[in-house]
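Letters A, B, ... are given to chains in the order of the sequence lines, protein chains preceding strands, and every chain is numbered from 1. Note that this is a predicted model, so its numbers are computed, not measured.
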Amino acid sequence: MVGAVITDAKARRPDLRFPLPPEFERRLKGARVLSLRRRAKYLLCELSTGETLIMHLGMSGRFTVKGDGRGRFHKDYRADPRHDHVSLVVSGPMGTATIDYNDPRRFGFMDLAPTAKLATSPHLCGLGPEPLGEEFTAEMLAASLKGKAAPAKSALLDQRVVAGLGNIYVCEALFRAGISPRRKAGTIAGLRAMRLHGAIRQVLEEAIEAGGSSLKDFTASDGSLGYFQHSFKVYDREGRPCPACGASIKRYNQAGRSTFACSNCQR
DNA sequence: AGCCTGCCCTGCGAGC
DNA sequence: TGCTCGCAGGGCAGGC
């Protein structure tokens with residue numbers, strides 16, 4: 001997309017997680033894509049118009065690319081066209097391609113914000129550090145957890161503490177750090193914070209290397225599957241043996257989300 | 001302020 | 001076979 005011009009934009013339904021902004025199609029048409037970036041779980045597409053297209057996939061969103069010769073899809077690839085909510089046609093040196101945003105549950109969304117004021121946009125302003133960035137250290141992790149009464153699980157899902165962790169990687173990081181998801185976040189400091197910091201980075205790096213986790217419908221934009229799900233040590237493994245000690249992995253609910261943990265290895 | 005619950009929405013598998 | 005129920009990778013508003 002970078003360097004290409006958005007020659008057409010179609011919004012088939014405006015009621016995503018949030019309503020699409022006014023004149024969405026018009027504000028996209030004719031814009032050149034200056035850059036594509038990511039912040040936390042948001043995709044940021046900087047446009048020549050001075051605005052940035054902010055995109056979030058929610059739980060079930062996906063982009064597919066067709067028409068540039070790279071549209072190779074995994075054989076199990078399916079996308080119900082009823083859920084193609086936004087389509088962009090981009091044209092540039094690489095050719096012309098159609099990019100479809102498909103999202104059955106509509107927990108994802110798109111928005112437009114002035115690039116100059118991006119950092120203060122409501123979506124991005126409160127976000128914590130990037131877990132793989134330089135500024136994320138064990139010391140600052142301990143500092144942001146200090147005084148928190150919430151359980152470790154909830155604190156790590158809080159995007160103001162660290163930006164970009166979801167349910168899978170929080171469960172996996174806590175296991176690798178030997179920390180119970182129920183432990184009071186404020187008690188994580190010193191060596192424990194260093195272990196957690198290292199575990200967060202390690203699990204994310206390994207997952208990225210593996211192309212992500214394909215639970216049911218996650219694929220790369222060319223349809224290829226991630227395989228980090230085969231490296232899960234606790235997530236979605238209720239009742240199976242802990243890879244470290246053999247005890248049965250437990251599942252329980254925290255903040256409305258499933259938690260998986262080994263109560264023997266995680267304290 | 002910090003924390004927790006419920007809710008937004010569709011699809012799918014388990015259980016009956 | 002066909003139904004209902006519970007649950008799914010996220011994040012917000014509202015209540016305490």
Side-chain angles (χ1 to χ4, degrees), chain A residues 12-20 38-43 54-63 76-86 101-111 121-128 131 143-174 181-188 200 203-204 206-208 210-221 225-239 250-260:
Chain A
R12 289 185 193 78
R13 61 183 301 167
D15 54 335
L16 305 181
R17 176 67 170 85
F18 306 109
L20 287 171
R38 177 196 61 78
R39 171 74 171 114
K41 298 174 189 172
Y42 299 89
L43 304 170
I54 304 173
M55 300 170 281
H56 196 298
L57 295 172
M59 299 268 251
S60 57
R62 70 160 92 194
F63 289 104
D76 290 336
Y77 169 78
R78 299 276 188 288
D80 188 332
R82 285 181 302 148
H83 302 307
D84 281 340
H85 306 311
V86 175
Y101 172 64
N102 184 286
D103 187 1
R105 293 179 73 179
R106 280 184 281 127
F107 282 5
F109 65 91
M110 292 192 189
D111 199 2
S121 111
H123 301 120
L124 306 177
C125 66
L127 290 173
S144 24
L145 296 178
K146 191 173 181 179
K148 278 199 179 296
K153 166 78 183 294
S154 311
L156 292 183
L157 280 177
D158 185 341
Q159 303 294 297
R160 296 170 297 184
V161 174
V162 197
L165 295 181
N167 203 31
I168 291 177
Y169 301 117
V170 166
C171 290
E172 291 296 313
L174 285 170
R182 289 179 165 134
R183 169 180 281 275
K184 201 176 134 185
T187 67
I188 297 171
I200 289 169
V203 77
L204 290 181
E206 286 177 22
I208 290 167
S213 306
S214 292
L215 295 192
K216 45 181 300 195
D217 51 16
F218 170 80
T219 71
S221 61
L225 297 171
Y227 54 89
F228 190 70
Q229 67 277 14
H230 303 304
S231 301
F232 290 169
K233 297 189 188 300
V234 289
Y235 186 84
D236 206 19
R237 293 176 53 85
E238 180 187 18
K250 300 285 182 287
R251 171 200 191 127
Y252 43 88
N253 208 276
Q254 286 183 292
R257 321 285 302 274
S258 279
T259 294
F260 299 87

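- The separation between R17(A) atom CZ and dT10(B) atom C1' is 15 Å, rounded to whole Å.
- Annotation for L156(A) and I200(A): closest pair CD2-CD1, 4.2 Å, computed over non-hydrogen atoms.
- The environment of CZ in R160(A) is sparse: at most 12 heavy-atom neighbours from other residues, nucleotides or ligands sit within 6.0 Å.
- With distances taken from any side-chain atom of F18(A) to the nucleotides dC12(C), dT10(B), dG9(C), the minimum falls on dC12(C).
- In this structure, Y101(A) atom OH and dC9(B) atom P are separated by 14 Å, rounded to whole Å.
- Per the geometry, CD1 belonging to I168(A) stands 11 Å off P belonging to dA8(C), to the nearest Å.
- Taking 4.5 Å as the limit, every side-chain heavy atom of K148(A) sits out of range of all side-chain heavy atoms of K184(A).
- Of the candidate nucleotides dC7(C), dC9(B), dG11(C), dC9(B) has the atom lying nearest to any side-chain atom of R106(A).
- Comparing atom distances between the R251(A) side chain and each of dC7(C), dC8(B), dG9(C) picks out dC7(C) as nearest.
- M55(A) places none of its side-chain heavy atoms less than 4.5 Å from the side chain of Y101(A).
- Distances shown here put every side-chain N or O of Y42(A) at or beyond 4.0 Å from the OP1 or OP2 atom of dG10(C).
- For N167(A), whose side chain is taken as the heavy atoms from C-beta onward, the closest listed nucleotide among dC12(C), dG9(C), dG11(B) is dG9(C).
- For dA8(C), the base has no donor-acceptor partner in the side chain of R257(A) [N/O atoms by modelled type, under 3.5 angstrom].
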Could you list all N or O pairs between the protein and nucleotides 2-6 of chain B that sit under 3.5 Å apart?
unit_1	atom_1	unit_2	atom_2	d
dC3(B)	OP1	A149(A)	N	2.6
dC3(B)	OP1	A150(A)	N	3.3
dC3(B)	OP2	K148(A)	NZ	3.3

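- Enclosure of atom CZ in R39(A) by more than 12 non-hydrogen atoms of other residues, nucleotides or ligands within 6.0 angstrom is indicated.
- A straight line from CG of D15(A) to C1' of dC8(B) spans 11 Å, rounded to a whole angstrom.
- Distance CD (E238(A)) to P (dC7(C)): 10 Å, rounded to an integer number of Å.
- A donor-acceptor contact shorter than 3.5 Å links the side chain of Q159(A) to the backbone of L157(A).
- Rounding to whole angstrom units, CG of residue N102(A) and P of dG9(C) are separated by 19 Å.
- The phosphate of dG11(C) (OP1 or OP2) has a side-chain N or O of H56(A) nearer than 4.0 angstrom.
- When the P atom of dC7(C) is taken as reference, atom CG of N253(A) falls 7 Å away, rounded to whole Å.
- Atom CZ in R105(A) sits about 16 Å away from atom P in dG6(C), given to the nearest Å.
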Using nucleotides 12-16 of chain B, report all nitrogen or oxygen pairs with the protein that are shorter than 3.5 Å.
none

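- In terms of phosphate contacts, H123(A) brings no side-chain nitrogen or oxygen within less than 4.0 Å of OP1 or OP2 of dG11(C).
- Between H85(A) and L20(A) there is no side-chain heavy-atom pair separated by less than 4.5 Å.
- Across all strands shown, dC7(C) pairs with dG11(B); the Watson-Crick or G-U wobble distances both stay below 3.5 Å.
- For Q159(A), a side-chain nitrogen or oxygen approaches OP1 or OP2 of dG11(C) to under 4.0 Å.
- Applying the 4.0 Å criterion to OP1 and OP2 of dG11(B), one finds that S60(A) has every side-chain N and O outside that range.
- Straight-line distance between the C1' atoms of dG6(B) and dG6(C): roughly 16 Å, to the nearest whole Å.
- Among the heavy atoms of the strands lying under 4.0 Å from Y235(A) are primed sugar atoms or P, OP1, OP2 only; no base atom is included.
- A side-chain donor-acceptor contact under 3.5 Å links S214(A) to the backbone of G226(A).
- You'll find that the side chain of F107(A) is closest to dC8(B), out of dC8(B), dG11(C), dG11(B).
- Residues forming a salt bridge (Lys or Arg N to Asp or Glu O under 4.0 Å) with D84(A) (at least two apart in sequence, or on another chain): none.
- Separating the P atom of dC3(C) from that of dC9(B) is a span of 23 Å, rounded to the nearest Å.
- Side chain of R38(A) to backbone of A40(A): a donor-acceptor contact under 3.5 angstrom is found.
- Distance check: H56(A) NE2 to R17(A) CZ gives 10.0 Å after rounding to the nearest 0.5 Å.
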